[in-house]
Amino acid sequence: MFTGIVEELGTIAEITDQGDAIRLTVEADTVLEGTGLGDSISVNGCCLTVAELGDGRWTADLMQETLDKTSLAGVAPGDRVNLERAVTVDKRLGGHIVQGHVDGVGEVISRSPSEHWDVVEISLPGHLARYLVDKGSITVDGVSLTVVEAREASFTVSLIPETLARTTLGSRRPGDLVNLEADVIAKHVEKLLASGLVDRLTPREDLQ
């Protein structure tokens, strides 16, 4: 589990094509502190498992499912990526609960710079629209953000200077693809309502 608070920008060092998979090697610093083989690191919002550790770099295996469902299929050596280690129980939950399981890929539609922040509009796959509400949470390339306006096929977010400077969202332009993860709490609520369990747990008036 993650919080959506990016710890550092890493750099794609090497990509090894394995046919139906790739090995991705990332240069990093902060996220390697205390990290061992088998640990989880979020890369642009996608939870990856550390398979190899070297001097200032680490490697993960990406299966075809990951390549099909995330924007990591399009990364190249030299690209910067958002990195975050899995959260520990003693860490502050500065963002929101993030699983690192990408729900879909969106596209940056527009960005409107202002003096102190940028307003960015991102397209939204149809099956995710029901999970977004104004002032709710959304993860974009691993960054925990607050939805400004939830629309039918897109949404907007405001990026503060800290986000612009410390994440890849500062350089994303119209046409760029980004990984999206909806709030897991919204998914659980939807499932509970659909199952009828909530109704069954509601106290009956005649028993009160």
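Keep in mind it's a predicted model, so treat the numbers as computed, not measured.
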Are [Y] and [X] connected in a single hydrophobic cluster, I mean Ile/Leu/Val/Met/Phe/Trp/Tyr linked by side-chain heavy atoms less than 4.5 Å apart?
X	Y	value
Ile109	Val147	no
Ile15	Leu83	yes
Val143	Ile5	no
Ile12	Val31	yes

Distance-only, no hydrogens or angles: does the [X] side chain make a donor-acceptor pair with backbone N or O of [Y] under 3.5 Å?
X	Y	answer
Asp141	Val178	no
Arg80	Thr168	no
Asn179	Asn44	yes
Thr163	Leu159	no
Asp176	Val108	no
Glu181	Gly100	yes
Asp118	Val120	no
Glu84	Glu7	no
Asp39	Gly36	yes
Ser123	Gly106	no

Review point. Just checking, any donor-acceptor pair under 3.5 angstrom between side chains of Ser137 and Asp183?
Key: no
Which pair of non-hydrogen atoms, one from [X] and one from [Y], has the smallest distance, and what is that distance?
X	Y	result
Ala13	Glu27	CB-CG, 3.6 Å
Arg130	His127	NH1-O, 2.9 Å
Val102	Gly45	CG2-O, 3.7 Å
Glu190	Tyr131	OE1-OH, 2.6 Å
Ala21	Met63	CB-CE, 3.7 Å

Review point. Which value, rounded to the nearest 0.5 Å, describes the distance between Glu8 atom CD and Asn82 atom CG?
Key: 10.5 Å
Check your understanding: Roughly how far apart are Thr66 OG1 and Leu48 CG, rounded to 0.5 Å?
Key -> 7.0 Å
Check your understanding: Where do Leu72 and Val43 land on the side chain to side chain contact (heavy atoms under 4.5 Å, CB included) test, with the steps shown first?
Key -> CA-CA 8 Å; Leu72 292 183; Val43 179; 4.1 Å; yes
Exercise for review: Report the C-alpha separation of Arg172 and Leu169 in whole Å, then their side-chain angles, then the decisive distance to 0.1 Å, and conclude whether the side chain to side chain contact (heavy atoms under 4.5 Å, CB included) test is met.
Suggested key: CA-CA 5 Å; Arg172 290 286 186 250; Leu169 299 184; 4.1 Å; yes
Should we say atom [atom1] of [X] is surrounded by more than 12 heavy atoms from elsewhere, each under 6.0 Å from it?
X	atom1	value
Leu164	CG	yes
His116	NE2	no
Glu152	CD	no

Do [X] and [Y] have side-chain heavy atoms sitting under 4.5 Å apart?
X	Y	answer
Val98	Thr3	no
Val81	Val26	yes
Leu24	Thr16	no
Glu107	Ile122	no
Ile41	Thr35	yes
Ile22	Leu67	yes
Val50	Trp58	yes
Leu53	Leu32	yes

Review point. For Lys187 and Asp103, what are the C-alpha separation, side-chain angles and deciding distance, and is it a salt bridge (Lys or Arg N to Asp or Glu O under 4.0 Å)?
Key: CA-CA 11 Å; Lys187 300 175 194 174; Asp103 292 312; 2.8 Å; yes
Revision key, fill the gap. Residue set satisfying side chain to side chain contact (heavy atoms under 4.5 Å, CB included) with Ser171, at least two apart, ordered chain then number -> none
Point to revise | Contacts of Ser158 that satisfy side chain to side chain contact (heavy atoms under 4.5 Å, CB included) - sequence neighbours left out | key: Trp117, Val119, Val148
**Study point:** The single option from Leu145, Asp134, Val140 passing side chain to side chain contact (heavy atoms under 4.5 Å, CB included) against Phe155
**Key:** Val140
Point to revise | Partner set under salt bridge (Lys or Arg N to Asp or Glu O under 4.0 Å) for Glu121, not counting sequence neighbours | key: Arg151
Practice item. Check each of Gln99, His96, His101 against Thr139 using the side chain to side chain donor-acceptor pair (under 3.5 Å) test, and report the only one that passes. Key: His96
Review point. Would Arg23 and Glu52 pass as an ion pair if we require N to O under 4.0 Å?
Key: yes
Exercise for review: Output, in order, the C-alpha distance, side-chain angles, deciding distance and verdict of side chain to side chain contact (heavy atoms under 4.5 Å, CB included) for Val6 and Arg166.
Suggested key: CA-CA 8 Å; Val6 173; Arg166 294 178 59 85; 6.0 Å; no
Practice item. Could you check Ser40 against Phe2 for side chain to side chain contact (heavy atoms under 4.5 Å, CB included), going step by step and ending with a plain yes or no? Key: CA-CA 9 Å; Ser40 297; Phe2 306 91; 4.1 Å; yes
